[in-house]
2 protein chains.
Amino acid sequence: MNIHLVIKALANPTRVAILNGLKNPAAHFPPQDEGDIAVDGVCVSSIQEGIGLSQSTTSSYLELLQRAGLVKVTRRGRWTYYKRDEDGISQFAEAVKQQL
Amino acid sequence: MNIHLVIKALANPTRVAILNGLKNPAAHFPPQDEGDIAVDGVCVSSIQEGIGLSQSTTSSYLELLQRAGLVKVTRRGRWTYYKRDEDGISQFAEAVKQQL
DNA sequence: TCTACATATCGGAATATCTAGATTTGTCAA
DNA sequence: TTGACAAATCTAGATATTCCGATATGTAGA
């Protein structure tokens, strides 16, 4: 849990919007061809479309959120699915409460 | 409580170090000529010396922390004293826990 | 193998942040 | 009212972030 890495990831409103959208994926992102949005997570292109960013930016933002421990990734075939990492998020919230 | 403003303020390790140093000012900053360090807070020049920044940077970082609601300011004569705003800090910790 | 498609990586322009030195402002005391 | 000092503001160069388009990589099916 690198708290500084997490804070930098959260310092961008678009990345926070992605994290927020993933609370209720079906409501925020268009349906995807394969993979259950609730079980597997949301694929990059669906997040891209929902959030309105370029494909490259979407991909790197998601990697950044993942390195910060805020989302979890599952790769299957051509698709990469992202979902919130609730454990990581709680750990961060706790670290803020304890250390700040 | 502008959560984005707070996160941006915390996105800089030096500002976090200031906030952290203010938990125990007497241990982290040199004594000041006037004003009780525990009651009034710590003056800008003492923080500057303790943290090792230029005067101008110290002053603007403190203003930024104050606008974010993380520190409180008291001006008396030539001196400006800063201390942690524990209410603001708790509010932020709670907002992270609830909203993130 | 060839093609199509999802994602990742690269390169770069625009913008923001960091931080210092120089200058200005405000306050006190002589 | 002048001098000294604390803090704030201004200016600017170095570095980091934002975000895109172009290209590369990996996988599945024909």
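Model, not experiment: these values are computed from the prediction. Numbers restart at 1 for each chain; the letters A, B, ... are given by sequence-line order, proteins then strands.
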Which pairs would a plain distance check flag for residues 91-100 of chain A, meaning a side-chain donor or acceptor within less than 3.5 Å of a matching protein atom at least two apart in sequence or in another chain?
| unit_1 | atom_1 | unit_2 | atom_2 | d |
| --- | --- | --- | --- | --- |
| A:Glu94 | OE2 | A:Gln98 | NE2 | 2.9 |

Please list residues of [range] whose heavy atoms come under 4.0 Å from any atom in DNA chain C, ordered by number; otherwise none.
range                     : answer
residues 15-29 of chain B : B:Arg15
residues 36-54 of chain B : B:Leu53, B:Ser54
residues 59-70 of chain B : B:Tyr61

(request) State, to the nearest 10°, the angle formed by the axis through the first five base pairs of the helix from C:dT1-D:dA30 to C:dA30-D:dT1 and the axis through its last five. (result)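 One end axis against the other gives 20°.
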(request) Report the hydrophobic cluster partners of A:Leu5, with the cluster defined as I, L, V, M, F, W, Y residues connected by side-chain heavy atoms closer than 4.5 angstrom, directly or transitively. (result) none
(message) B:Ser56: which residues meet the side-chain contact (heavy atoms from CB on, under 4.5 Å) condition with it, sequence neighbours left out?
(response)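 B:Ser56: side-chain contact (heavy atoms from CB on, under 4.5 Å) contacts with B:Ser54.
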(message) Tell me every residue that passes side-chain contact (heavy atoms from CB on, under 4.5 Å) with A:Arg76, counting only those two or more places apart in sequence or in another chain.
(response) A:Asp40, A:Tyr81
(request) Kindly write out the residues that satisfy salt bridge (Lys or Arg N to Asp or Glu O under 4.0 Å) with B:Glu86, not counting sequence neighbours, or none if the list is empty. (result)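 Partners of B:Glu86 under the salt bridge (Lys or Arg N to Asp or Glu O under 4.0 Å) test: B:Arg84.
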(request) Give a yes or no on whether a donor-acceptor pair under 3.5 Å exists between the nucleobase atoms of C:dA20, that is its base, and the side chain of B:Ser56. (result)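 For B:Ser56, whose side chain was compared with the base of C:dA20, there is a donor-acceptor pair (under 3.5 Å).
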(request) Could you list all the salt bridge (charged side-chain N to carboxylate O under 4.0 Å, His left out) pairs where at least one residue sits in residues 57-75 of chain A, not counting sequence neighbours? (result)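 Listed by first then second residue: A:Glu63-A:Arg67.
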(request) Between protein and nucleotides 23-30 of chain D, map the contacts as a letter string: B base, S sugar-phosphate only, - none, heavy atoms under 4.0 Å, written 5' to 3'. (result) ---BBS--
Output a table of donor-acceptor pairs, distance under 3.5 Å, between side-chain atoms of residues 7-20 of chain A and any protein atom two or more places apart or on a different chain; print 'none' if there are none.
| unit_1 | atom_1 | unit_2 | atom_2 | d |
| --- | --- | --- | --- | --- |
| A:Asn12 | OD1 | A:Thr14 | N | 2.8 |
| A:Asn12 | OD1 | A:Arg15 | N | 3.0 |
| A:Asn12 | ND2 | A:Tyr61 | OH | 3.3 |
| A:Arg15 | NE | A:Ala9 | O | 2.8 |
| A:Arg15 | NH2 | A:Lys8 | O | 3.1 |
| A:Asn20 | OD1 | A:Lys23 | NZ | 3.1 |

